[in-house]
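Accompanying notes for the structure given below.
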Amino acid sequence: INAEYMGHFLSVYFFSLFAMEPNLVWSLYDASGAGSCPKADFVTALRATGQHPTHNNLETILAGAGDPPTKEKFLEQAGKGTGFGPSADDLKNALAAFDSMDTGFLRIMDMEQMVTSLGEPLTPELSEKVKAFMKELPKDDEGRISLGDFQAVLTQEVPQKKPDIEALAKEMGLEL
């Protein structure tokens, strides 16, 4: 497993942790309320829900989405996911690639390597952010986090809060 692959995998995985609720996403791409949107917007909207299908899988998804793609098909696809994304084993293997001592644990320097593999230069400020992040995680007596514990942190369910659309519209000066 090379560092470039690991960086790509982790960036896709981390993005998917912050996926948006499908109905909210649809409302952003079907502002006119027509119940459909262009295929390019359909693809972007799917990605906003945390899906990252391959090019071939995307062709299959779009073939079943209608022309133009409809809200019904979007919500159906958003609800079932792509079925092609990274698995728990993929994440476990990705994290293990940063376990430089092959101990089953990550040290601060391993976490810094993980962040830099995502394309960020290791500045003193970033190093402090990594250390602050590590303080929030469960650690052993040597200050290391187990791969299993880190995987559990990354895969915990993200609470979803539905926005108050009426309050947002009022704040933006829009009428519903």
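The residues of the chain are indexed from 1 along the displayed sequence.
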Could you tell me which residues satisfy ring-ring contact (aromatic ring centres under 6.0 Å, His included) with F42, sequence neighbours excluded, listed by chain and number? F74
Start with the C-alpha gap between L106 and L147, add the side-chain angles, then the distance that decides, and say whether side chain to side chain contact (heavy atoms under 4.5 Å, CB included) holds. CA-CA 7 Å; L106 295 172; L147 293 176; 3.5 Å; yes
State which residues pass side chain to side chain donor-acceptor pair (under 3.5 Å) with S36; sequence neighbours excluded, sorted by chain then number.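 If we apply the side chain to side chain donor-acceptor pair (under 3.5 Å) test to S36, skipping adjacent residues, there are no hits.
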Restricting to side chain to side chain donor-acceptor pair (under 3.5 Å), what partner residues turn up for E171, sequence neighbours left out?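 For E171 there are no side chain to side chain donor-acceptor pair (under 3.5 Å) partners, ignoring immediate neighbours.
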For residues 64-75, which residue pairs qualify under salt bridge (Lys or Arg N to Asp or Glu O under 4.0 Å), counting only residues two or more places apart or in two chains? none
Using the salt bridge (Lys or Arg N to Asp or Glu O under 4.0 Å) rule, collect all pairs that involve residues 24-45, keeping only residues at least two apart or in two chains. none
How many angstroms lie between [atom1] in [X] and [atom2] in [Y], if you round to the nearest 0.5 Å?
{"X": "I108", "Y": "K139", "atom1": "CD1", "atom2": "NZ", "result": "8.5 Å"}
{"X": "L58", "Y": "L62", "atom1": "CG", "atom2": "CG", "result": "4.5 Å"}
{"X": "I145", "Y": "L95", "atom1": "CD1", "atom2": "CG", "result": "9.0 Å"}

Could you give the side-chain donor-acceptor pairs of residues 97-105 under 3.5 Å, partners two or more places apart or in another chain?
{"residue": "D99", "atom": "OD1", "partner": "D102", "partner atom": "N", "Å": "3.2"}
{"residue": "D99", "atom": "OD1", "partner": "T103", "partner atom": "N", "Å": "3.1"}
{"residue": "D99", "atom": "OD1", "partner": "T103", "partner atom": "OG1", "Å": "3.4"}
{"residue": "D99", "atom": "OD2", "partner": "T103", "partner atom": "N", "Å": "2.9"}
{"residue": "D99", "atom": "OD2", "partner": "G104", "partner atom": "N", "Å": "2.6"}
{"residue": "S100", "atom": "OG", "partner": "R107", "partner atom": "NH2", "Å": "2.6"}
{"residue": "S100", "atom": "OG", "partner": "D110", "partner atom": "OD1", "Å": "2.7"}
{"residue": "T103", "atom": "OG1", "partner": "F105", "partner atom": "N", "Å": "3.2"}

Listing request: all side-chain hydrogen bond (donor to acceptor under 3.5 Å, both in side chains) pairs with a residue in residues 122-134, at least two apart in sequence or in separate chains. E112-S127, T123-E125
Just to verify, what does S27 make a side chain to side chain contact (heavy atoms under 4.5 Å, CB included) with, not counting sequence neighbours?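 For S27, the residues satisfying side chain to side chain contact (heavy atoms under 4.5 Å, CB included) (neighbours in sequence not counted) are L24.
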Sub-4.5 Å side-chain heavy-atom contact between M114 and V130: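 No, every pair of side-chain atoms sits at 4.5 Å or beyond.
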Side chain to side chain, M134 and L137, heavy atoms closer than 4.5 Å: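 Yes. Closest side-chain heavy atoms under 4.5 Å.
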Single-linkage hydrophobic cluster M109~L122, side-chain heavy atoms < 4.5 angstrom: no
Partner set under salt bridge (Lys or Arg N to Asp or Glu O under 4.0 Å) for D140, not counting sequence neighbours: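 Applying salt bridge (Lys or Arg N to Asp or Glu O under 4.0 Å) to D140 gives R144.
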Salt bridge (Lys or Arg N to Asp or Glu O under 4.0 Å) against E136, all qualifying residues, sequence neighbours excluded: none
